[in-house]
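Okay, structure first, notes after.
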Protein chains: 2
Amino acid sequence: MADQSAPPSSESLLFLTDEQLRKGIEAMFFAYRGFTADPDRILEERGYGRAHHRAVHFIHRSPGTTVNNLLSILGVTKQSLNRVLRTLIEDGLVESKVGTKDKRERHLTLTDRGRELERALSDAQRNRMRDAYRKAGPEAVQGFRQVLVAMMDGDMRRHYLALKDAGQ
Amino acid sequence: MADQSAPPSSESLLFLTDEQLRKGIEAMFFAYRGFTADPDRILEERGYGRAHHRAVHFIHRSPGTTVNNLLSILGVTKQSLNRVLRTLIEDGLVESKVGTKDKRERHLTLTDRGRELERALSDAQRNRMRDAYRKAGPEAVQGFRQVLVAMMDGDMRRHYLALKDAGQ
DNA sequence: CTTGGAATGTCAACAAGGCTGACTTAAAAC
DNA sequence: GTTTTAAGTCAGCCTTGTTGACATTCCAAG
């Protein structure tokens, strides 16, 4: 792939030149664009943005989640999330049910239409990810995830690890 | 790291469950936040944003680059870039010189103050990247970059690969 | 039972940073 | 000499983030 510069092969001593680190930084920048490109197209067709994608994704992941939980995962203000959530509810993609135990809480779930959008978005994104994995090979997949997890802030890593495995 | 599920070890057949792909997608989302967190803090202190960071980074990388070149790397409109560039020039971080061969072009370079900001930003980001690499280990670093490159859109991959190695 | 605080929602205002469209200037290319 | 290109600028719009203020609901502690 034209940038297979021989890495230090020793386990313990990791010689990381500024150049190698910079390449990693730039790769992250360019790759994130590819990562969001396909969903962005789908969202634009339907008049939504990335903020909607994020909300839909995590509601799908944790059906019945509360607004507060979503806030801490997404790391935005409630006003910001509320604007997005309101349009999704108005458009009939998300359902907000008052909690039974604690009636202050709203439990969020996707409607059929919401699931349809989520499916379209995640299909596109999964296809991109699958292609990348296939091109890079099985060992690469391991390393990819390991570095990403190591790059997360503590809070985010907690959230990431807390998202339950729907049985891998 | 709590999610070391045994991958298919065969080179050719890569069993990628939706679950594995989703984990990769979420890792990418959370990791990008960590990736930008440190620079964001520095930028905020000085009244700049990510757009300024990107401009400063690529001007540093390719001193004397033209506005048009920067536009295609960053993938934004010239109006958007211009707004950012103008403040950087006004603040004395970037210098814009009329081209000698083609006088329509402006060649952009960092001033001392610009280099100082770039240094602060890239030091922070490199530290984060170095820590992540160290935690993940040498093999992981390879895989990380390979997957990222494979995830890029064609245009971005061209730009990425075209950025000259300042001798790694 | 009352009250304090937590969870939610809403309104208003603002800023960054994307976007489009229209237009100017200067210079290169033809 | 005309057209095209590079750059810059103005105006206006959108999304998505931010604060601050405030209302409502309702659990829970006193």
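Note that the structure is a prediction, hence the values are computed from the model and not measured. Residue numbering restarts at 1 for every chain, and letters A, B, ... go by the order of the sequence lines. Heavy atoms only: backbone and side chains are in, while hydrogens, waters and symmetry mates are out.
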Open item on the list: Under a 3.5 Å threshold, yes or no: a donor from one side chain and an acceptor from the other, between S122(A) and R22(B)?
Closed with: no
Task: Exercise: do N69(A) and T65(A) side chains pair donor with acceptor under 3.5 Å - done: yes
Task: dG12(D) base / Q79(B) side chain donor-acceptor hit below 3.5 Å - done: no
Task: Pair of N/O donor and acceptor under 3.5 Å linking dT5(D) base with R104(B) side chain - done: yes
Nearest-angstrom distance from the residue atom [atom1] of [X] to [atom2] of [N]:
X	N	atom1	atom2	value
K101(B)	dA29(C)	NZ	C1'	13 Å
L43(A)	dC14(D)	CG	C1'	15 Å
R33(B)	dG17(D)	CZ	C1'	12 Å
L71(B)	dG8(D)	CG	P	9 Å
K78(A)	dT25(D)	NZ	C1'	13 Å
H53(B)	dA16(C)	NE2	C1'	17 Å
E105(B)	dG8(D)	CD	P	11 Å
R41(B)	dT18(D)	CZ	P	15 Å

Report yes if at least one side-chain N or O of [X] is closer than 4.0 Å to OP1 or OP2 of [N]; otherwise report no.
X	N	result
N82(A)	dT8(C)	no
T77(A)	dT18(D)	yes
H52(A)	dT16(D)	yes

Task: Earlier contact from the 5' end, DNA chain D, for R106(A) and R50(A) - done: R50(A)
Task: First encountered from the 5' end of DNA chain D, between L108(B) and G49(A) - done: L108(B)
Open item on the list: Taking the side chain as everything from C-beta on, heavy atoms only, tell me whether F58(B) gets closer than 4.5 Å to L163(B).
Closed with: yes
Open item on the list: Are M28(B) and M151(B) packed together at the side-chain level, in the sense that at least one heavy-atom pair is separated by less than 4.5 angstrom?
Closed with: yes
Open item on the list: Both N68(A) and R83(B) contact DNA chain C. Which one's nearest nucleotide lies toward the 5' end?
Closed with: N68(A)
Task: Full working for ring pair (Phe, Tyr, Trp, His ring centres under 6.0 Å) between F30(A) and F35(A) - done: CA-CA 9 Å; F30(A) 288 122; F35(A) 175 67; over 10 Å; no
Task: Options dC19(C), dA7(D), dC10(D), nucleotide nearest the side-chain atoms of R86(B) - done: dC10(D)
Open item on the list: Closest approach to the side chain of V76(B), judged atom by atom: which nucleotide of dG9(C), dG18(C), dG8(D) is it?
Closed with: dG18(C)
Open item on the list: Taking any heavy-atom pair under 4.0 Å as a contact, classify H107(B): base, sugar-phosphate, or nothing.
Closed with: nothing
TODO: For G75(B), report the nucleic acid contact type (base, sugar-phosphate, nothing); a contact means any heavy atom under 4.0 Å.
DONE: sugar-phosphate
